[in-house]
Amino acid sequence: MQFTVSQSDFLETFSRVSPAVPSKSTLPILSNVLLKLEGDLLQLIATDLELSVLTEIKVSGIKDGSIAVPAKKVGDIIRELEGMELDFFLDENMHMQIKAGEGEYHVPGISAQDFPSLPEFTGASNFSIEAKRLKSSITRTIFAVSKDELRPALTGVFFEIMPQELKFVTTDGHRLVRIIDQKFEYDGEPQELIVPVKALDMIQRNLPEEGDIVFSIGSNQIMLKLDNITIYSRLIEGKYPHYESVIPKDNDSHLIVSTELFTKMIRRAQIFANPISHQIVLNISSNSIEISAEDIELGGRGSEKISASFNGDDRVVGYNATYVLELMKQIDTDELRIEFGAEKKAGIVRPIEQKENEDFMMLIMPVRLN
Amino acid sequence: MINPIVSQKMRAEAGRRKKTGKLKESSLILHVDMDAFFAAIEEKDNPSIKGKPVIIGGPKGSRGVVTTCNYPARKYGVHSGMSLSLAGRLCPDGIYLKTFSGKYTWVSLRLMALMRRYSPQVEPYSIDEAFLDATGCAQLWGGAEEYGRAVKNAIKNTLNLTASVGIGPSRIVAKMASDLNKPDGLAVIEAHDVRNVLGPLPVEKIPGVGESTRKTLAGMGIRTVAQLADYPVKLMKAKIGVNGEALIKMAQGKGGDKITGLEERPDDKSMGHEHTFMTNVERCDILHGKLLHLCDKATRRMRRENYLGKVVTLKLRTSNFKTYSHQRALVHQTDDAQEIYKVASVLLSDLWKEGEMPVRLIGISVSRLFRPGEGNGVQEDLFYAETVCKRLKMYKALDSLRDTYGEDILGFAGGVRSRRHGISV
């Protein structure tokens, strides 16, 4: 195997697949990237067995061949050879020699046969979605995904695919985000998928600015062919909780407040909150809202009041400030609305105005005040 | 029950001393030590064995050690810490009983609660021992001896058990005094009498002086407490290191005059329990059962102290004495035994599988403890709010039953079953 390629082209392509390489794995081969040369086309493949990615690059091919090379070492050295022309040569000892100017670097490789093959994909159905809308929906939902491996279904984004709408849902049990994309057409049977976060990260990274993206759904996996990369991911098995049942239906008390002022106020109050619970207390009355925080153990207290409009009875509610701030980041309207219902039930947070053809809402559970 | 006015007086006295910081001059400490505690409880529960040699620890000749034996058994040479096989040879006709720790803990809790009626500062020292700050309290009873007798009588009348009580100017003197007239003893050593009373005793009467220290001291010609008290500190430090000075101070009766009450204790960093099996375990179901039992015990303590925990650590020791420990963070802080067990059992399955080296010890601990309170509430959950609410009620009922009838009144089925496979908790 022998080829020549410019450092910038190779690095750009290599960096596209390397995020799929697992940081820790019981299978050492997975810390490698597979290089496969046929003519002038070099394929790069990385996998953690859940997520597999394949990308291609034009090189000046001299001799075909394939080899798996350690992702970290190759990535690290290539990054240091800025602006140079790279000559790759696989010697008889399965060492990949990389020559750049006066430098010569030998990286031990592993036989391509030991590298897991790409999953066989038999697409059963597919749907398409505008890249821009997909990107925005992933960004606004992914933060609320659970990290609890004991509740695996919650560690992914739930896609509910229906003829006229596509729903994205995430929750970690404390917050829940749901986006209904109504600018959606699909003529197959309704489907439900739980897509792992790592796959969505990879998709988001590689989405084009414009155009539509096609998701192919196979048995327990999905595949996306983007401009310069093909992504395969297993889906998370298990049943997503019946989330609709926890969305309150009778949250009739509405608070309307400036997104920016509210966010800044919480950021200031958070400094005085207990570092474990991050508890802040909202004292809401018809025309104002007071936010306070106090760390009883270490001392210190902060409170602040701003005007707001509220149509319910005065109420006091506690939240984890970190959770509220994460919700605020997803709101891009000047004002936001929080809808309250029964005590101890979730509050519903929405932008004051919805985007066209979209319904976006977030739930947040309160902290039990003592 | 103590007169509430007297109790108020005691608190006022304690408060006054706290403010003035004057404890040194007149401090008086009471040490209460239950007589053959486990065996006495068993005798009380089953009067037919009273007066016969009773040995607690396990079946005669089995693996394990004697945890307690009563005085008739001691006449045969049996003592705590002795292997059960040796005890079986020395006292073949003794009555051998398993350690029933839940029952003893229950009595112990009642004992500590009772002691708190007699002093505002009570420091539990072990399951059957406590130090009481007697400064100021004693004079309310007409003197140290009367006070000591009142404590003893209260224990006798309330728990139907006997205790030995020692009173002295420091913890060490009080502790050595309680040992003087065991069982059912009472000894008061006044500050000016410490040397006269304790001086002639052999050095091994000092708590913490075991066989090896005794031998070292004997090698230096020191056999009595007085000889140790008079030994030059510098020389002792040179011979046995930094502990030398502490040892001499103890012999002089200078050893702590401060009692740390529960409310003054620093916050706990972690809470846990471990268990050594009677015979090494090769079965997964037994380990899981024991693990559930340990999670139950740890969370019971957490609930009692109003803690929630965030990190679960599992400890495992295999028959070749290798110790493994794995931990995992919980998503929610909890004091729920079932939630902790869920994580612990995943750790156990990751760490050990049937067919691997048999397990000798299993332990669980919960750390990153947090006390909910003002400014520090508990995060509600979207999906488990109802479950959490039901569980809270269940644990409340469970705890209140255990407070009234003892730890063993009710438990998780898996945890109860596992108890057949071991005793030394």
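The chains referred to below are lettered A, B, ... by the order of the sequence lines, with proteins before strands, and numbering in each begins at 1. Side-chain atoms are counted along with the backbone in the values below, which use heavy atoms only and exclude waters and symmetry mates.
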*asked:* Between Q379(B) and M365(A) (side chain of the first, backbone of the second, donor and acceptor by atom type, cut-off under 3.5 Å), is there such a pair?
replied: yes

*asked:* So for T171(A), is it side chain, backbone, both, or neither that comes closer than 4.5 Å to the heavy atoms of chain B?
replied: side chain

_SB check D381(B) R151(A) (cutoff 4.0 Å)_ = yes

*Any chance CD of Q191(A) has more than 12 other-residue heavy atoms, nucleotides or ligands included, within less than 6.0 Å?*
yes

*Tell me, yes or no, whether the heavy-atom count around R304(B) atom CZ, taken from other residues, nucleotides or ligands under 6.0 Å, exceeds 12.*
yes

_Is it true that, when you exclude Y324(B) itself, more than 12 heavy atoms of the residues, nucleotides or ligands shown sit nearer than 6.0 Å to its OH?_
yes

_Tell me whether the count of non-hydrogen atoms from other residues, nucleotides or ligands lying under 6.0 Å of CD in E237(A) goes above 12._
no

*Those residues that, when tested against Y341(B), pass side-chain hydrogen bond (donor to acceptor under 3.5 Å, both in side chains) (two or more places apart)*: H288(B)

*Hey, could you give me the CD1/CD distance between I364(A) and E380(B), rounded to the nearest 0.5 Å?*
12.0 Å

*Where along residues 312-328 of chain A does a heavy atom come under 4.5 Å of chain B, listed by residue number?*
N320(A), Y323(A)

_So for atom CZ, which belongs to R391(B), do other residues, nucleotides or ligands contribute more than 12 heavy atoms lying within a distance under 6.0 Å?_
yes

*Which pair of non-hydrogen atoms, one from L382(B) and one from A346(A), has the smallest distance, and what is that distance?*
CD2-CB, 4.0 Å

*Is the count of non-hydrogen atoms from other residues, nucleotides or ligands lying under 6.0 Å from K24(A) atom NZ greater than 12?*
no

*asked:* So for atom CZ, which belongs to F143(A), do other residues, nucleotides or ligands contribute more than 12 heavy atoms lying within a distance under 6.0 Å?
replied: yes

*If you measure from NZ on K310(B) to CD1 on I276(A), what distance do you get to the nearest 0.5 Å?*
8.5 Å

*What are the two closest heavy atoms between L150(A) and V343(B), and how far apart are they?*
CD1-CG2, 3.4 Å

*Least distance between heavy atoms, G377(B) atom then S277(A) atom*: O-CB, 4.0 Å

_Heavy-atom closest pair, residues F383(B) and P241(A)_ = CE2-CB, 3.7 Å

*Would you indicate whether E343(A), at its atom CD, is surrounded by more than 12 heavy atoms from other residues, nucleotides or ligands within a distance under 6.0 Å?*
no

*Part of L363(A) lying under 4.5 Å from any heavy atom of chain B*: side chain

